[in-house]
Amino acid sequence: MDILEELRWRGLVADSTDAAELSRRVNAGPLTLYCGFDPTADSLHVGNLVPLLALRRFQMMGHCPIAVAGGATGMIGDPSGKSQERVLLTPEALSHNIACVKAQLARLLDFEAGANPALLLDNAQWTASVGYLDFLREVGKHFSVNMMVAKESVRARMEDRDTGISYTEFSYMLLQAFDFLVLNRDHGCELQIGGSDQWGTITAGTDLIRRKLGRSAHGLTLPLITNADGTKFGKTEKGAVWLDARRTSPYRFYQFWIHTDDRDVVRYLKFFTFLPEDAISNLEQQHLKNPGARPAHRALAAAVTELVHGPAALAEAMRASDILFGGELSGVGEATFQDLVGEVPTREIARTQLDGAGLPLVEVLVHAGLSPSKGQARKDIEAGGINVNNTRQTDTQRVLTTADLLFGKHLLLRKGKRTYAVVTAC
RNA sequence: GGGAGGAUACCGAAGUGGCCAAACGGGGUUGACUGUAAAUCAACUGGCUUACGCCUUCACAGGUUCGAAUCCUGUUCCUCCCA
């Protein structure tokens with residue numbers, strides 16, 4: 001099975017340039033391919049995982065991946081799939097973001113692979129020094145505005161008269177095409193991959209290469225990941241799910257995958273793990289036989305968490321999850337409980353506040369971040385959604401004292417079925 | 001430059017002097033049922049308060065009135081039509 005067949009059975013091919021020709025090329029020997037990642041934030045999120053893992057999949061089949069951090073394109077803003085003109089990042093924010101994103105890219109690709117090590121580049125390297133006039137003469141001349149306007153990413157914005165599109169974002173396509181040209185020329189890069197919203201800019205690149213260098217290059221897009229219920233993939237109530245542990249803890253990350261809709265879980269195993277076809281269909285069978293045990297969910301969560309955060313963090317996330325969702329909490333000892341501290345969102349509180357009269361539960365809930373305000377905390381209690389040490393609280397007047405501390409030290413708070421927080425007295 | 005219409009809570013959208021913290025729908029939170037799933041049903045969904053109630057909100061600033069999201073004046077922004 002070649003890489004294209006591999007991607008195809010996983011459902012990871014949205015579109016590609018001449019499929020027969022591309023397939024001939026991948027079978028002819030290792031090829032170099034690239035994918036760009038724009039530093040719009042100081043961390044990648046789960047959505048970025050799809051193209052990033054695709055690079056890795058190519059690498060595993062012997063091809064050479066290049067991850068490009070968009071130091072240059074990030075200064076412009078990609079209009080694809082955006083309905084609003086973007087606010088430009090400050091140069092400081094941008095360089096901070098690039099450094100962080102680079103570190104994340106570096107963790108998920110193999111730079112030591114003997115014959116086909118991955119490469120990490122920043123497109124500012126070859127773009128920053130090019131003068132405006134040179135760029136217009138060398139690159140701009142090869143683009144027809146008529147063709148650019150016809151591309152979906154631009155057209156959508158042109159049709160929306162409220163927002164429109166700035167000349168800056170309009171130029172994005174040229175910059176990305178220029179990237180592909182440079183990579184093709186200097187690194188023999190023959191293929192660009194990206195999300196399906198990148199189709200227009202990718203083909204702009206292959207066109208430019210044909211015109212400038214007289215060679216053919218390839219493009220392949222990956223599908224947009226959709227949730228079965230129609231919501232946006234990778235978003236929770238608390239916002240995006242990030243790869244950075246400081247933004248999304250490994251425990252939360254693991255839980256995110258555990259919560260996958262049944263209807264999505266097999267697709268996501270294909271999208272987000274390296275598990276082979278038979279392992280996935282085996283999990284699918286198990287899942288269909290006994291969905292309540294959620295074997296597929298567990299495998300998905302474990303695989304992705306390990307990939308992103310490593311085996312140690314995965315073990316901790318699983319241990320915390322087992323303690324909280326594994327059944328009776330009453331038998332949990334102090335040492336086990338200690339595993340939860342820091343995994344589950346944890347806040348500290350001065351022990352003296354619990355002495356004597358104690359502290360109203362509503363205030364503790366706000367402090368722990370489970371309720372946004374005391375009024376809401378009260379409503380949460382009235383709705384029966386608040387548990388302290390796994391006991392439902394029904395009294396909005398409830399006051400917590402040192403007597404409520406587990407092991408003389410911790411409070412285990414829960415809102416709803418699965419949102420936990422620990423408050424530690426010190 | 002002229003004319004018409006519009007701006008309401010997280011989003012969409014009612015409301016045209018008191019019964020408006022503001023209908024309804026979506027979203028969100030919680031509960032029941034379950035499997036940390038989905039679907040369904042129910043409650044809640046500006047802040048403070050045990051509650052009576054109080055406070056802040058209907059683009060912004062003033063005004064009329066016992067009383068304004070609703071009327072008047074000015075300002076900002078948007079849409080449409082004419083030039």
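Atom set for the values below is all heavy atoms of this structure, side chains included, hydrogens, waters and symmetry mates excluded.
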**Q** Which nucleotide wins on minimum distance to the side chain of A/Pro291, given the candidates B/rA37, B/rG35, B/rC48?
**A**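 That would be B/rG35.
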**Q** Starting at atom CG of A/Leu288, determine the distance to atom P of B/rA38, rounded to an integer number of angstrom.
**A**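 Going from CG in A/Leu288 over to P in B/rA38 covers 17 Å.
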**Q** Suppose we call a contact any N or O donor and acceptor under 3.5 Å apart; does that hold for the side chain of A/Gln255 and the base of B/rU36?
**A**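 Indeed there is one.
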**Q** Please give, in whole Å, the distance from B/rU36 P to A/Asp261 CG?
**A**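 Nearest whole value for this atom pair: 15 Å.
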**Q** Return the pairing partner of B/rA61 with a 3.5 Å limit on both distances, Watson-Crick or G-U wobble; otherwise return none.
**A**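 Paired with B/rA61, as far as the under-3.5 Å criterion goes, is B/rU73.
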**Q** Roughly how many Å apart are B/rC71 and B/rG18, using the P atom of each and rounding to a whole number?
**A**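 It works out to 11 Å between them.
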**Q** If you pin A/Lys379 and A/Pro372 to their nearest nucleotides in RNA chain B, which one's is more 5'?
**A**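 Going by which nucleotide is closer to the 5' end, it is A/Lys379.
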**Q** With a 4.0 Å cut-off on heavy atoms, is A/Lys417 in touch with a base, just the backbone sugar-phosphate, or nothing at all?
**A**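 Base: the residue A/Lys417, judged by heavy atoms under 4.0 Å, touches a nucleobase.
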**Q** Expressed in whole Å, how much space separates the C1' atoms belonging to B/rG62 and B/rA13?
**A**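 Going atom to atom, C1' in each nucleotide, I get 29 Å.
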**Q** What's the gap between B/rA14 and B/rU76 when it is taken at their P atoms, as a whole Å value?
**A**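 Rounded to whole Å, the distance is 27 Å.
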**Q** Could you tell me whether the side chains of A/Lys151 and A/Thr203 share a donor-acceptor contact shorter than 3.5 Å?
**A**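 Judged by distance alone, the side chains do pair up.
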**Q** A/Ile258 or A/Arg378: which one's nearest nucleotide on RNA chain B is closer to the 5' end?
**A**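 Final value for this comparison: A/Ile258.
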**Q** Just how far, in rounded Å, is P of B/rU36 from CG of A/Asp322?
**A**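 Rounded to the whole Å, the gap is 13 Å.
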**Q** Are a donor atom and an acceptor atom from the side chains of A/Asn290 and A/Gln286 found within less than 3.5 Å of each other?
**A**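 No, no side-chain donor-acceptor contact under 3.5 Å.
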**Q** Quantified in whole Å, what is the C1' atom distance between nucleotide B/rG27 and nucleotide B/rC11?
**A**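 One C1' to the other, the span is 7 Å.
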**Q** Work out how far the C1' atom of B/rA39 is from that of B/rC77, and round it to whole angstrom.
**A**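 Per the computed distance, 43 Å lies between those C1' atoms.
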**Q** Please measure how far the C1' atom in B/rC72 lies from the corresponding atom in B/rA83, and state the result in whole Å.
**A**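 About 31 Å, rounded to a whole number of Å.
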**Q** If you check every side-chain atom of A/Lys374, which of B/rU30, B/rA32, B/rC48 has the closest atom?
**A**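 Closest nucleotide among those given: B/rC48.
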**Q** Paired with B/rU40: which nucleotide, if any, by Watson-Crick or G-U wobble criteria at under 3.5 Å for both distances?
**A**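 B/rA32 - that is the nucleotide pairing with B/rU40, both distances being under 3.5 Å.
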**Q** Please step through salt bridge (charged side-chain N to carboxylate O under 4.0 Å, His left out) for the pair A/Arg378 and A/Glu382, ending with a clear verdict.
**A** CA-CA 6 Å; A/Arg378 231 166 257 120; A/Glu382 280 168 7; over 6 Å; no
**Q** For A/Asp262, answer base if it contacts any base atom (sugar-phosphate contacts may also be present), sugar-phosphate if it contacts only those atoms, and nothing otherwise; contact means non-hydrogen atoms under 4.0 Å.
**A**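 Touches a base.
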**Q** With heavy atoms under 4.0 Å as the rule, sort A/Arg298 into base, sugar-phosphate or nothing.
**A**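 Here A/Arg298 touches no strand at all.
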**Q** How close or far is atom P of B/rA38 from atom CZ of A/Arg267, stated in whole angstroms?
**A**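 Nearest whole value for this atom pair: 15 Å.
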**Q** Going by purine N1 to pyrimidine N3 plus the second Watson-Crick contact, or the G-U wobble pair, all under 3.5 Å, which nucleotide sits opposite B/rG27?
**A**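 Result: B/rU45.
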**Q** Using purine N1 to pyrimidine N3 plus N6-O4 or O6-N4 for Watson-Crick, or N1-O2 and O6-N3 for G-U wobble, each under 3.5 Å, what pairs with B/rA51?
**A**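 Its partner: none found.
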**Q** Which base sits across from B/rA4 as a Watson-Crick or G-U pair, both distances under 3.5 Å?
**A**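 Looking at the geometry, B/rA4 pairs with B/rU79.
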**Q** Check whether the side chains of A/Gln198 and A/Gln192 place a donor and an acceptor atom closer than 3.5 Å, and report yes or no.
**A**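 No pair is found: no donor N or O on one side chain lies under 3.5 Å from an acceptor on the other.
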**Q** Could you tell me the separation between the CG atom of A/Leu370 and the C1' atom of B/rG28, rounded to a whole number of Å?
**A**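 Answer to the nearest Å: 16 Å.
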**Q** Which one, B/rU30, B/rG47, B/rU36, comes nearest to the side chain of A/Lys415?
**A**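 Nearest nucleotide to the side chain: B/rU30.
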**Q** Check for me whether the distance between the ring centres of A/Phe272 and A/Phe256 falls short of 6.0 Å.
**A**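 No, the ring of A/Phe272 stays outside the 6.0 Å limit from the ring of A/Phe256, centre to centre.
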**Q** Measuring to OP1 and OP2 of B/rA37, would you say a side-chain N or O of A/Thr260 lies under 4.0 angstrom away?
**A**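 For B/rA37, OP1/OP2 do not have a side-chain N/O of A/Thr260 under 4.0 Å.
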**Q** Does A/Gly385 reach a base, just sugar-phosphate, or nothing at all? Heavy atoms under 4.0 Å.
**A**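 The residue A/Gly385 makes sugar-phosphate contact but no base contact.
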**Q** Say whether A/Asp38 and A/Tyr172, considering side chains only, have a donor N or O and an acceptor N or O under 3.5 Å apart.
**A**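 There is such a pair (donor and acceptor under 3.5 Å, judged by atom type) between the side chains of A/Asp38 and A/Tyr172.
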**Q** Can you tell me the distance, in whole Å, between the CG atom of A/Asn227 and the C1' atom of B/rA37?
**A**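 Between C1' of B/rA37 and CG of A/Asn227: 13 Å.
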**Q** Using atom C1' in both nucleotides, what's the gap between B/rA43 and B/rG6 to the nearest angstrom?
**A**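 36 Å, rounded to whole Å.
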**Q** Please report the distance, rounded to the nearest Å, between CD in A/Gln376 and C1' in B/rA43.
**A**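 Rounded to whole Å, this separation is 12 Å.
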**Q** Within the 4.0 Å heavy-atom criterion, would you say A/Ser321 contacts the bases, only the backbone, or no part of the nucleic acid?
**A**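 It contacts base atoms.
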**Q** Taking the ring of A/Phe143 and the ring of A/Phe178, is the distance between their centroids below 6.0 Å?
**A**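 Centroid separation for A/Phe178 and A/Phe143: 6.0 Å or greater.
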**Q** Rounding to an integer number of angstrom, what distance separates B/rU56 and B/rC48 when you compare their C1' atoms?
**A**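 Looking at atom C1' only, B/rU56 and B/rC48 are 10 Å apart.
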**Q** Has A/Arg392 got a side-chain N or O lying under 4.0 Å from the OP1 or OP2 atom of B/rA32?
**A**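 Looking at the OP1 and OP2 atoms of B/rA32, one of them is under 4.0 Å from a side-chain N or O of A/Arg392.
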**Q** Using Watson-Crick or G-U wobble geometry with both distances below 3.5 Å, tell me the partner of B/rA22, or none.
**A**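 The base-pairing partner of B/rA22, which may sit in any strand shown, does not exist here.
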**Q** Between C1' on B/rA37 and CZ on A/Phe256, what's the gap in Å once rounded to a whole number?
**A**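 Rounded to the whole Å, the gap is 14 Å.
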**Q** Could you tell me if A/Asp261 and A/Tyr268 have a donor-acceptor pair between their side chains, going purely by distance under 3.5 Å?
**A**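 There is no such pair (donor and acceptor under 3.5 Å, judged by atom type) between the side chains of A/Tyr268 and A/Asp261.
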